[in-house]
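Labels below follow one simple rule: chain letters A, B, ... track the order of the sequence lines, proteins then strands, and each chain is numbered from 1. Hydrogens, waters and symmetry mates are skipped; everything else that's a heavy atom, side chains included, is used. Keep in mind that this is a model prediction, so the values were computed, not measured.
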Amino acid sequence: MLKIYNTLARDKQDFKPIEPNKVRMYVCGMTVYDYCHLGHARVMVVFDMVYRWLKASGYDVTYVRNITDIDDKIIKRAAENKESIHTLTQRFIDAMHEDADALGVQRPDHEPRATQFVPQMLEMVAQLEKNGLAYQAADGDVNYAVRKFEGYGKLSGKSLEDLRAGERVEVASDKNDPLDFVLWKHAKDGEADEVKWDSKWGKGRPGWHLECSAMGSELLGKHFDIHGGGADLQFPHHENEIAQSEGAHQCQYVNYWMHNGFVRVDNEKMSKSLGNFFTIREVLKKYDAEVVRFFILRAHYRSPLNYSDQHLDDAKGALTRLYTALKSTSVRAEPVEAHESSQGRSPSTDSGRTGLVDWNDSYAQRFKAAMDDDFNTPEAVAVLFDLANEVNRNQSVEAATQLKALAGVLGLLQRDPQAFLQGKSVAVVSSSAEAEIVRGEEYINAQIEARIAAKKSKNFAEADRIRKELLEAGIVLEDTAAGTTWRRA
RNA sequence: GGCGCGAUAGCAAAUCGGUUAUGCAGUGGAUUGCAAAUCCAUUUAGCCCAGUUCGACUCUGGGUCGCGCCUCCA
């Protein structure tokens, strides 16, 4: 049985869906005013993995990941750029999709945008007001009366007293309690019409926390199974979501809260405010997207993950071992593969791959046990390596099939091994134009032919010279029983 | 200051109260014209101090260090 670490309980718990065989899951997505960084990549990949595992476990999953397309920072950035909110957000939504696609992240079933759900949000504010949990302040903002909600702090383990004790200097505000948070922000002079909506409390726009409560209940119901997000959202965002949803609907909001750990740089949280972030597209210039995905999945989702070139290089080496194992047997399976690809069939569609897993096999059972234990992907990946060893030891096609199928559950290893192994090089990517020519595939193949000829005539000095020259350009030659193949170092 | 998380070999990273994690790197061997890849063997562990136990890296208590949240943040 699947166990999930539930932040609400601070413990691993058996996962029991509300409706048999159905899982409804919501994850806090991006605020789209800039490119996604590696921290965002982690959320996307981690919950994509959760989504895949739930589906592989036989659940009918509805996965929602929202897009925040109205907020202070978006307004500010649009003004700086002298462009409309919509143009700005659409641009970064497109960019986000490109990044997610590259990382092998499946699209959620719904990607609601805050601006599309303003009526539902206003309805919620009205309900909260009716329940005595919201009030309009003198400045026009509608706030949530935190002290009226019993159980405020149950997710983050904070009490209102503790929060007040550690309070920082607060700017003058019209809130009844400094910890009250805004549900509806009144419109200010000079703001574009684009950021104003009519409401019975006057023109304005929604506070940040409100969108998730409104969209969650609209798309998944008032009570659903899993809610995820980065650990930094635990407080205040998720705490406030609970206050809003449970305050409005008078029933339990979410059963299992999941929070992923941070990506770090030099042992510090990667974040916009610290400025120590790397965007996904920046990293993808240097590293294969699957290496990045593997790098993320190789650590447990709740642990911190240190980013550095060394760690990415390490991940690349490890993934190379896996693909090398696959390559060694694809030689045997060549007739079938060639037939399939000659008919234009996509070689790497990962949907349906899970159907190929033989779950009775002992490796698959270890893999399943690991995944069922709060999504222990490092352990699951270790099983993949044991399987690779089995493949290499016995040239086992069955083991290779199983390896690819299990890895597919994690969204890994679905490409043609050769394509991965001969993909863009890290080490020599920025060398001279001459090296670019040397690394051209036609040139490589010609050199391989020349070397084979040299070997035939026992001219080993020439054969070695060619090997050395290619190696200096980052190309490794491998003589196998099936002939000479090459890969990038 | 309040609350919480973590500390595993050269690097990264899991499990587990007693039996090989795993990947990279290192060493020895097999294989190879030479290599690479691969296989076999192997060296490096569990922050410190107490306690529980026949036995603790694993449980309990204390300490030290690191990190996070308490303000926008994935």
Side-chain angles (χ1 to χ4, degrees), chain A residues 7 10 27-31 36-47 65 68 71-73 153 156-159 161-171 179 208 228-237 239 259-264 267-274 277 294-295 298-300 302-306 308 310-322 324-325 327-328 366 369-370 373 376-386 388-389 391-395 421 455 458-461 463-464 467-468 471 475-480 484-487 489:
Chain A
T7 306
R10 310 216 160 262
V27 170
C28 289
M30 260 53 73
T31 300
C36 292
H37 65 235
L38 239 33
H40 302 117
R42 191 173 191 191
V43 190
M44 292 196 282
V45 169
V46 159
F47 287 101
R65 189 185 62 213
T68 300
D71 125 294
D72 287 356
K73 280 183 296 245
S156 54
K158 298 175 190 302
S159 69
E161 292 68 45
D162 291 344
L163 286 164
R164 285 201 188 92
E167 224 167 77
R168 318 226 172 146
V169 187
E170 183 99 10
V171 281
L179 293 166
W208 175 43
D232 45 2
L233 297 184
Q234 199 174 311
F235 188 90
H237 184 56
E239 196 67 64
H259 293 97
N260 66 276
F262 301 129
V263 174
R264 295 184 187 173
N267 248 31
E268 250 187 352
K269 177 185 174 184
M270 178 184 287
S271 74
K272 291 255 167 156
S273 35
L274 287 170
F277 61 90
F294 180 77
F295 165 69
R298 201 155 71 123
H300 186 84
R302 284 191 282 116
S303 304
L305 178 59
N306 271 307
S308 74
Q310 194 210 323
H311 294 151
L312 265 293
D313 288 340
D314 195 45
K316 185 196 171 185
L319 191 57
T320 298
R321 175 170 165 81
L322 257 22
T324 302
K327 181 193 148 201
S328 69
R366 276 175 59 206
D373 183 16
N376 192 341
T377 53
E379 182 64 29
V381 166
V383 174
L384 259 29
F385 282 101
D386 288 344
N389 180 253
V391 172
N392 289 331
R393 214 172 344 136
N394 305 324
Q395 284 299 299
L421 295 168
K455 272 173 47 166
K458 303 275 183 211
N459 186 354
F460 293 121
D464 289 349
R467 180 206 294 290
K468 191 164 172 252
L471 187 62
I475 306 300
V476 181
L477 296 188
E478 297 180 333
D479 296 333
T480 70
T484 299
T485 59
W486 64 274
R487 67 183 166 88

B:C65 - base-pair partner by Watson-Crick or wobble geometry, distances under 3.5 Å: B:G6
Opposite nucleotide pairing with B:A36, Watson-Crick or G-U, both atom distances under 3.5 Å: none
Side-chain touch A:K272/A:H37, heavy atoms, less than 4.5 angstrom: yes
Heavy-atom check, side chain of A:L38 versus side chain of A:M270, under 4.5 Å: yes
For [X], which contact category applies under a 4.0 Å heavy-atom criterion: base, sugar-phosphate, or nothing?
| X | result |
| --- | --- |
| A:E478 | base |
| A:K158 | base |
| A:V381 | nothing |
| A:M44 | nothing |

Separation of A:L471 CG from A:D464 CG (nearest 0.5 Å): 11.5 Å
Closest to the A:A318 side chain, choosing from B:A74, B:C69, B:G23: B:G23
Determine the Euclidean distance between corresponding [atom1] atoms of [M] and [N]; express it in Å to zero decimal places.
| N | M | atom1 | answer |
| --- | --- | --- | --- |
| B:A13 | B:A25 | C1' | 15 Å |
| B:A9 | B:G26 | C1' | 12 Å |
| B:C39 | B:U31 | C1' | 8 Å |
| B:G28 | B:U64 | C1' | 41 Å |
| B:C48 | B:C65 | P | 15 Å |

Presence of A:T485 side-chain N/O under 4.0 Å of B:A36 phosphate oxygens OP1/OP2: no
Qualifying residues under side-chain contact (heavy atoms from CB on, under 4.5 Å), relative to A:A388, sequence neighbours excluded: A:L322, A:A325, A:L403
Partner set under side-chain hydrogen bond (donor to acceptor under 3.5 Å, both in side chains) for A:E268, not counting sequence neighbours: none
Footprint string (nucleotides 39-46 of chain B, 5' to 3'): B base within contact, S backbone only, - free, heavy atoms under 4.0 Å: SS------
